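Remember, it's a predicted structure, so these values are computed and weren't measured experimentally. Numbers here are sequence positions counted from 1.
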Amino acid sequence: MPDLLEQLEANCQANGIRVHWAEDGEQACRIIRELCEARGARHVIKGKSMVSEEMHLNDHLEAAGIEALESDLGEYLVQLNEQTPSHIIMPAIHLNTEEISDVMHDRTGTERTIDVDYLTAAARAQLRERFMAADVGISGVNFAVAETGTLCLVENEGNGRMTTTVPPVHIAVTGIEKVVEHLRDVPPLYALLTRSATGQHVTTYFNMISGPRKPGERDGPEEVHLVLVDNGRSSIYQDNELLDTLRCIRCGACMNHCPVYTRVGGHTYGTTYPGPIGSILMPHLMGLEATKDLPSASSLCGACGEVCPVKIPIPDLLVRLRKEAVGEGRGNVEGAGVKRDRKEVLAWKGWQWLATHPGAWRAGAGVAGKFRFLSPSRLGPWTDYRTAPKPAATSLHAMVKQHRRKLEREDEK
């Protein structure tokens with residue numbers, strides 16, 4: 001990756017793209033704000049970008065007096081509702097049609113209706129004006145090709161193409177792990193992304209950006225900037241096990257098949273990236289002290305690992321992070337050992353030893369049985385073993401005897 005990033009920088013600069021490096025999200029926000037201020041920008045239009053969510057870019061720009069408007073339909077609705085995305089592919093999946101109608105009516109004055117075509121057309125009309133008036137367009141990057149210095153953007157709505165071509169300045173922001181070596185590496189990754197994310201063979205739009213507007217061209221931005229964000233990724237790269245996390249192409253397949261995520265939703269996790277991928281990625285970005293419960297927010301059923309198109313061993317990494325949280329792992333993640341409690345650890349170690357030694361388990365069960373009289377006689381109707389009916393007969397002979405006794409009692413009556 002380090003060699004590819006240097007090659008990407010050289011080829012982007014040769015194409016007229018200005019490259020900026022950011023060690024963390026705060027520095028990346030500062031770079032983007034300074035680029036906007038240099039152009040006197042007061043209105044920014046944004047395409048979908050999880051890295052910008054990770055950086056809290058919108059809040060940073062608004063604090064500087066720069067309006068940042070999301071142009072992806074789901075992101076636009078979430079922003080109107082003053083929420084954060086609950087899914088990395090479908091940001092507004094937690095909202096139904098009636099809720100969307102209420103939000104658009106309250107914030108933009110549209111009619112209250114469940115007519116999806118009307119609501120979509122209204123959002124399109126509102127955003128079209130903002131595309132034309134924006135001073136700067138900001139987008140994410142799905143794949144950055146080192147060989148050609150090309151930025152690839154995958155989308156279905158066309159807002160990404162508008163964001164990157166209509167405003168006079170285009171700023172692309174991406175994590176350093178999105179770099180690929182050759183242009184021929186993109187098609188197989190593109191196929192994996194679209195099929196795993198939405199079930200499509202291809203998306204409606206696939207944009208390839210290799211530089212600003214050239215002399216004689218009639219459209220395109222005057223300036224193109226690329227901000228490469230580290231934000232903890234280089235430390236992940238140095239760990240031979242956790243390195244697999246960087247292969248993620250942000251398709252969301254692990255979330256769609258996770259029994260925990262599908263029941264509690266993305267906002268429950270309280271982090272930018274929810275679901276299984278978020279549970280292994282966010283501890284690196286925020287530290288285990290702030291995310292100590294995420295590795296345990298899984299049933300370890302293995303579905304996320306099975307459906308991952310790039311074969312990230314998510315269940316194995318969850319187990320690794322659980323060990324890190326109690327101080328038993330390699331200690332490479334910031335905040336390792338944050339969940340360590342000596343009494344609790346000793347209790348679980350004792351339980352682990354007992355459960356893995358059948359002889360000791362049977363002996364312990366026998367001793368516990370002798371002291372059964374010490375237990376309460378009635379904890380509930382399902383635990384009163386003294387008054388509970390005897391179990392049903394389990395053999396044919398016993399069943400016949402029970403039936404005969406029943407007949408004899410009836411004859412006596």
Is the count of non-hydrogen atoms from other residues, nucleotides or ligands lying under 6.0 Å from [X] atom [atom1] greater than 12?
{"X": "E26", "atom1": "CD", "value": "no"}
{"X": "E37", "atom1": "CD", "value": "yes"}
{"X": "R124", "atom1": "CZ", "value": "no"}
{"X": "E98", "atom1": "CD", "value": "no"}
{"X": "I114", "atom1": "CD1", "value": "no"}
{"X": "H257", "atom1": "NE2", "value": "no"}

[X] versus [Y], closest heavy-atom pair with distance:
{"X": "A28", "Y": "V229", "result": "CB-CG2, 3.8 Å"}
{"X": "T272", "Y": "M50", "result": "O-CE, 3.6 Å"}
{"X": "K48", "Y": "E75", "result": "CG-OE2, 3.9 Å"}
{"X": "M104", "Y": "L119", "result": "CE-O, 3.6 Å"}
{"X": "V44", "Y": "C36", "result": "CG2-SG, 4.0 Å"}

Query - Close side-chain approach of L242 to H284, heavy-atom, < 4.5 Å - result: yes
Query raised in the report: Any side-chain heavy atom of L151 within less than 4.5 Å of one from L226?
Result: yes
**Report entry** R233 bridged to D230 by N-O distance under 4.0 Å
**Finding:** no
Under 3.5 Å, which donor-acceptor pairs link side chains of residues 297-307 to any protein atom two or more places apart or in another chain?
| from | atom 1 | to | atom 2 | distance (Å) |
| --- | --- | --- | --- | --- |
| S298 | OG | L300 | N | 3.0 |

**Report entry** Sole candidate of N207, V154, V186, V180 that passes side chain to side chain contact (heavy atoms under 4.5 Å, CB included) when paired with N142
**Finding:** V154
Requested in this report: Please answer whether the main-chain N or O of C152 pairs with a side-chain N or O of Y190 as donor and acceptor at a distance below 3.5 Å.
Outcome: no
Report task. Please confirm whether the backbone N or O of P91 pairs with a side-chain atom of S86, one donor and one acceptor, at under 3.5 Å? Result -> yes
**Report entry** For T108, side chain to side chain donor-acceptor pair (under 3.5 Å) partners two or more places apart
**Finding:** Q126
**Report entry** Nearest-0.5 Å distance that lies between atom CD1 in I236 and atom CE in M1
**Finding:** 9.0 Å
Query - Distance-only polar pair, side chains of S101 and T113, donor-acceptor under 3.5 Å - result: no
